[in-house]
2 protein chains.
Amino acid sequence: MRWLSAEEQRIWRGFMTAVTTFSEHLDRQLQRDAGMPMAYYEILVALSETPGRALRMSELAMMCHSSRSRLSHAVAKLEKEGWVVRRACPSDRRGSIAELTDEGFAVLEAAAPGHVTTVREHLFDVLTPEQLRALDGISRAISAGLSTECDRARAEVPEF
Amino acid sequence: MRWLSAEEQRIWRGFMTAVTTFSEHLDRQLQRDAGMPMAYYEILVALSETPGRALRMSELAMMCHSSRSRLSHAVAKLEKEGWVVRRACPSDRRGSIAELTDEGFAVLEAAAPGHVTTVREHLFDVLTPEQLRALDGISRAISAGLSTECDRARAEVPEF
DNA sequence: GCATCCTGGTTGAGAGTTCAACCATCGCGT
DNA sequence: ACGCGATGGTTGAACTCTCAACCAGGATGC
């Protein structure tokens with residue numbers, strides 16, 4: 001087993017610090033200005049970008065990179081707020097469809113500018129175009145490394 | 001107010017996806033193999049690296065970039081597990097000192113290899129040396145952008 | 001000495017996440 | 001038609017985090 005060098009540790013810790021501080025900052029901003037955490041904001045965004053502003057729970061879960069359970073709890077809360085409604089799926093009786101309400105859309109419209117401004121201010125404004133290009137590549141590489149993980153797991157299943 | 005371009009959105013979402021998937025993966029690995037979330041692991045690491053394996057709560061909070069409240073809850077749990085003990089601070093009667101127990105150290109030693117391996121596998125193994133250098137700069141820039149935020153807030157306080 | 005403010009730390013309630021268990025339905029093979 | 005494994009989704013309990021309230025002890029000013 002290979003440990004991390006001092007240099008690797010520095011990079012690793014710096015990365016985690018930056019990322020967690022950043023996302024805590026974003027979460028706090030959204031919670032303060034829009035009364036919801038970022039995970040819930042993402043749900044509203046995903047719905048708002050879909051034609052019909054409605055999606056099946058499982059598709060919504062994929063879009064938000066969320067577990068079914070998490071999404072179910074979250075949508076329950078959003079429904080209680082009146083920002084989303086759930087209705088049955090006509091083609092599959094198991095299914096359930098979440099739809100963004102007009103009020104939910106209005107809330108999202110009100111929340112978006114502050115959120116986008118925060119993202120721009122702390123990400124795009126502090127990085128050079130070159131760093132942004134690098135970040136793009138880094139994100140892809142990390143994501144690819146994680147999804148091949150899943151593939152490997154899937155490949156381990158006998159008779160697959 | 002300036003919206004994000006399509007390209008910026010792509011980078012932004014890709015970045016968040018990579019980061020959240022990655023840290024969820026790490027959290028799950030630690031939870032499964034060591035029975036604790038990453039935040040708690042970080043606490044044990046910070047203590048283990050301090051001479052005497054003990055730190056005041058406030059210093060520990062800074063090291064872990066954690067709020068006092070979060071740390072207090074976390075250390076309470078770690079104490080219940082027997083991995084940490086709390087004792088009074090001799091120089092400041094308000095203070096409280098968290099100390100890593102031998103059992104806590106043993107648990108940490110057992111957990112470390114799996115954690116390091118996961119980090120290496122999904123971060124250092126998937127990035128080129130050039131990307132790692134870029135990541136270092138990016139992390140610094142983001143962290144700097146967030147701390148100047150605090151400075152500005154501090155500067156806004158009247159008579160400061 | 002004492003009033004006042006600040007700092008260190010804890011606590012409790014409320015919100016969000018995780019995990020495993022669960023139910024209903026679908027799809028497929030026979 | 002029937003059995004059966006896979007899928008879609010929900011639920012409850014345990015856990016973690018956040019936020020605000022709080023208490024105790026230091027520090028400063030008079």
Side-chain angles (χ1 to χ4, degrees), chain A residues 20-21 23-43 55-81 84-98 154 157-160, chain B residues 20-21 23-43 55-81 84-98 154 157-160:
Chain A
T20 59
T21 312
S23 64
E24 274 168 24
H25 185 72
L26 279 170
D27 245 332
R28 224 181 298 280
Q29 182 271 326
L30 264 177
Q31 188 70 55
R32 179 168 37 81
D33 297 350
M36 73 185 111
M38 193 156 50
Y40 289 20
Y41 179 85
E42 305 276 15
I43 293 172
L55 275 172
R56 284 198 51 169
M57 293 296 282
S58 53
E59 300 184 60
L60 190 49
M62 272 193 287
M63 299 243 170
C64 300
H65 313 98
S66 167
S67 71
R68 296 183 188 296
S69 174
R70 175 152 90 204
L71 185 66
S72 201
H73 284 294
V75 168
K77 172 82 188 297
L78 292 173
E79 195 168 25
K80 214 173 297 172
E81 303 270 9
V84 160
V85 289
R86 266 183 291 201
R87 50 187 172 76
C89 174
S91 63
D92 184 341
R93 234 167 306 189
R94 292 168 300 180
S96 152
I97 293 181
R154 215 174 298 141
V157 176
E159 317 303 332
F160 191 86
Chain B
T20 59
T21 312
S23 63
E24 274 167 23
H25 184 73
L26 280 170
D27 246 331
R28 224 180 299 280
Q29 182 271 324
L30 264 177
Q31 188 71 55
R32 178 169 38 80
D33 297 349
M36 74 184 111
M38 194 160 46
Y40 290 19
Y41 179 84
E42 304 279 15
I43 293 172
L55 273 174
R56 284 198 52 169
M57 293 296 281
S58 53
E59 300 183 62
L60 189 50
M62 272 193 289
M63 300 242 169
C64 301
H65 312 100
S66 166
S67 71
R68 295 181 191 298
S69 174
R70 174 152 92 206
L71 184 66
S72 200
H73 284 295
V75 168
K77 173 82 188 299
L78 292 174
E79 194 168 26
K80 212 174 298 174
E81 304 272 7
V84 159
V85 288
R86 267 184 289 201
R87 50 187 172 78
C89 173
S91 63
D92 184 340
R93 235 167 305 188
R94 293 168 300 179
S96 152
I97 293 181
R154 216 174 297 143
V157 176
E159 317 303 329
F160 192 86

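Chain naming here is simple, since letters A, B, ... match the order of the sequence lines and numbering starts at 1 in each.
Not a single donor-acceptor pair under 3.5 Å links the side chain of A:D27 to the backbone N or O of A:P37.
A salt bridge links B:R70 to A:E24: at least one charged side-chain nitrogen sits closer than 4.0 Å to a carboxylate oxygen.
Pairs of residues two or more places apart, or lying in two chains, that qualify as salt bridge (charged side-chain N to carboxylate O under 4.0 Å, His left out) and include a residue from residues 56-67 of chain A are A:R56-A:D92.
Atom OG of B:S72 sits about 11.0 Å away from atom CG of B:L60, to the nearest 0.5 Å.
For C:dG8, neither phosphate oxygen OP1 nor OP2 lies less than 4.0 angstrom from any side-chain nitrogen or oxygen of B:S96.
Protein chain B contacts DNA chain D over a range whose 5' and 3' limits, counting nucleotides with an atom under 4.0 angstrom from a non-hydrogen atom, are D:dT16 to D:dG26.
For A:R87, the side chain to side chain contact (heavy atoms under 4.5 Å, CB included) criterion is met by A:A54, A:I97, A:E99, not counting sequence neighbours. Considering only residues two or more places apart in sequence or on other chains, A:D33 meets the side chain to side chain contact (heavy atoms under 4.5 Å, CB included) condition with A:Q29. The side-chain hydrogen bond (donor to acceptor under 3.5 Å, both in side chains) check on B:Q31 picks up nothing, with sequence neighbours excluded. Partners of B:M57 under the side chain to side chain contact (heavy atoms under 4.5 Å, CB included) rule, at least two apart in sequence or in another chain, are B:L71, B:V75, B:R86, B:S96, B:A98. Applying the side-chain hydrogen bond (donor to acceptor under 3.5 Å, both in side chains) criterion to B:R28, with sequence neighbours excluded, gives no partner residue. For A:A34, the side chain to side chain contact (heavy atoms under 4.5 Å, CB included) test picks out A:L30, A:M36, A:A111, with sequence neighbours left out.
Of the two residues near DNA chain D, A:R28 and A:R56, the one whose nearest nucleotide lies more 5' is A:R56.
Non-hydrogen atoms lying under 4.0 Å from DNA chain D are contributed by B:D92, B:R93, B:R94, all within residues 86-94 of chain B. Using a 4.0 Å cutoff on non-hydrogen atoms, no part of residues 33-43 of chain A comes near DNA chain D. Residues from residues 63-79 of chain B with heavy atoms under 4.0 angstrom of DNA chain C, sorted by number: B:R68, B:S69, B:S72, B:H73.
Between A:E24 atom CD and C:dT17 atom C1' the separation is 15 Å, expressed in whole Å. For the pair A:K80 NZ and C:dG14 P, the interatomic distance rounds to 13 Å; values are reported in whole Å.
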